[in-house]
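The next block holds one structure in the form of structure tokens; read it before the comments.
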Amino acid sequence: MTADLSKQPRDPQAPKGRPTPKRSEAQTQRRRAVTPPLDRKEAMRRQREARRADLARQREALATGDERFLPVRDRGPVRRFVRDFVDSRFFVAEMFLPLAVVILVLSVIQVGNMQAIATMLWLGVIVLIIVDSIGLSIRLKKQLKQRFPDEPKRGAVAYALMRSLQMRRLRLPKPQVKRGERP
């Protein structure tokens, strides 16, 4: 902490607001900050620990929505708006996995016209998802143009479509708005 404060520019006439550290304390702090790894194994261990700490921070940020530690693909005001836009609505696409399991089970049953019904259900679900996705992309592009006229919006619609395909409970970063709320 003392090393951080000493690097900040300050008025030479102003009091520094902390006692001067003893020379031995300053030297040990300096040595501790720059200790290079002794061997390759130690360097790898430190690198692994740093990576593990970064991933833990990212995992927590994905759960809480903390912008500072989110992965790069999820950062920024445009991506936050897209997440909130998708999370505030219901989409047929998020029910795709449960519907796929039901339709698959129906297609295996060898009773009467059950396989024909399952095929029609597949077709209906796919058409609904396509129509819903087109509506999402049109509404989202309009909103993005209004709210963020000067910011880059590249990939925002694809990000929204991929998010809408995931079940709400499994989305990461976790939804920050409730259904029905407007972002």
Side-chain angles (χ1 to χ4, degrees), residues 44-183:
M44 294 300 286
R45 187 183 65 74
R46 285 184 186 179
Q47 192 176 22
R48 214 176 14 254
E49 286 175 3
R51 189 174 32 239
R52 197 173 291 140
D54 276 349
L55 287 174
R57 253 184 293 164
Q58 266 189 7
R59 239 188 331 272
E60 184 161 337
L62 287 170
T64 61
D66 187 2
E67 268 305 304
R68 296 171 298 167
F69 303 115
L70 283 176
V72 176
R73 66 150 200 232
D74 296 318
R75 282 190 201 146
V78 174
R79 295 297 168 110
R80 176 177 284 284
F81 175 75
V82 169
R83 283 194 304 271
D84 292 346
F85 187 86
V86 171
D87 294 339
S88 67
R89 292 164 174 75
F90 173 78
F91 294 97
V92 178
E94 66 186 83
M95 296 308 296
F96 176 73
L97 285 175
L99 287 173
V101 170
V102 169
I103 293 171
L104 203 63
V105 168
L106 289 177
S107 68
V108 172
I109 297 174
Q110 300 276 337
V111 177
N113 291 337
M114 198 59 78
Q115 290 175 337
I117 293 170
T119 305
M120 294 306 288
L121 280 173
W122 270 121
L123 183 63
V125 167
I126 290 172
V127 167
L128 283 173
I129 289 173
I130 290 171
V131 168
D132 211 11
S133 297
I134 291 170
L136 166 67
S137 61
I138 291 170
R139 288 190 310 261
L140 183 61
K141 283 179 187 177
K142 184 178 172 184
Q143 287 288 325
L144 286 173
K145 209 175 285 184
Q146 284 177 351
R147 292 189 187 222
F148 304 100
D150 300 332
E151 296 205 29
K153 297 173 271 298
R154 185 166 188 230
V157 174
Y159 182 72
L161 290 173
M162 291 308 293
R163 191 165 178 89
S164 72
L165 281 170
Q166 299 167 344
M167 288 191 291
R168 184 179 169 88
R169 188 175 296 158
L170 302 177
R171 292 177 185 162
L172 288 176
K174 295 284 185 198
Q176 302 295 313
V177 296
K178 293 181 178 152
R179 282 208 169 108
E181 287 181 20
R182 293 293 175 222

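In this chain, numbering begins with 1 at the start of the sequence shown. These figures come from a predicted structure and were not determined experimentally.
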Exercise: identify the closest heavy-atom pair between [X] and [Y]:
X      : Y      : answer
Ser137 : Val157 : CB-CG1, 3.6 Å
Pro98  : Met95  : CD-O, 3.3 Å
Phe90  : Asp132 : O-OD2, 4.5 Å
Gly65  : Arg80  : O-NH2, 3.1 Å

Please check this pair: side chain of Gln115 against backbone of Asn113, looking for a donor-acceptor N/O pair closer than 3.5 Å.
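Side chain of Gln115 to backbone of Asn113: no pair is present.
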Look only at the side chain of Arg52 and the backbone of Gln47, and say whether a donor-acceptor pair between them is shorter than 3.5 Å.
no
Is any side-chain heavy atom of [X] less than 4.5 Å from a side-chain heavy atom of [Y]?
X      : Y      : answer
Leu70  : Gln58  : no
Glu60  : Phe69  : no
Ile134 : Ile130 : yes
Arg168 : Asp87  : yes
Leu106 : Val102 : yes
Ser133 : Leu165 : no
Arg171 : Arg163 : yes
Arg139 : Phe85  : yes

Apply side chain to side chain contact (heavy atoms under 4.5 Å, CB included) to residues Gln143 and Phe148 and explain how you reach the verdict.
CA-CA 8 Å; Gln143 287 288 325; Phe148 304 100; over 6 Å; no
Between atom [atom1] of [X] and atom [atom2] of [Y], what is the distance when rounded to the nearest 0.5 Å?
X      : Y      : atom1 : atom2 : answer
Phe96  : Leu128 : CZ    : CG    : 12.0 Å
Gln166 : Leu172 : CD    : CG    : 7.5 Å
Ile126 : Leu99  : CD1   : CG    : 11.0 Å

Could you tell me whether [X] and [Y] make a salt bridge, using a distance below 4.0 angstrom between a side-chain N and a carboxylate O?
X      : Y     : result
Arg57  : Asp54 : yes
Arg75  : Glu67 : no
Arg179 : Glu94 : yes

Run the numbers on Glu181 and Lys178 for side chain to side chain contact (heavy atoms under 4.5 Å, CB included), then give the verdict.
CA-CA 6 Å; Glu181 287 181 20; Lys178 293 181 178 152; 3.6 Å; yes
If you count the non-hydrogen atoms of other residues, nucleotides and ligands that lie under 6.0 Å from [atom1] in [X], is the total more than 12?
X      : atom1 : result
Met120 : CE    : no
Arg169 : CZ    : no
Glu151 : CD    : yes

Test log, rule side chain to side chain contact (heavy atoms under 4.5 Å, CB included), inputs Leu144 and Val82
CA-CA 8 Å; Leu144 286 173; Val82 169; 4.3 Å; yes
Test the Arg89-Phe91 pair against the cation-pi criterion, namely NZ or CZ under 6.0 angstrom from the six-membered ring centroid and within 45° of the ring axis.
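The answer is no, since Arg89 fails at least one limit relative to Phe91.
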Geometric cation-pi criterion Arg79 and Tyr159, 6.0 Å radius, 45° cone:
yes
Check each of Val105, Ile109, Leu104 against Ser107 using the side-chain contact (heavy atoms from CB on, under 4.5 Å) test, and report the only one that passes.
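Output: one option passes, namely Leu104.
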Give the C-alpha distance, both sets of side-chain angles, the deciding distance and a yes or no for side chain to side chain contact (heavy atoms under 4.5 Å, CB included) between Leu62 and Asp74.
CA-CA 9 Å; Leu62 287 170; Asp74 296 318; 3.9 Å; yes
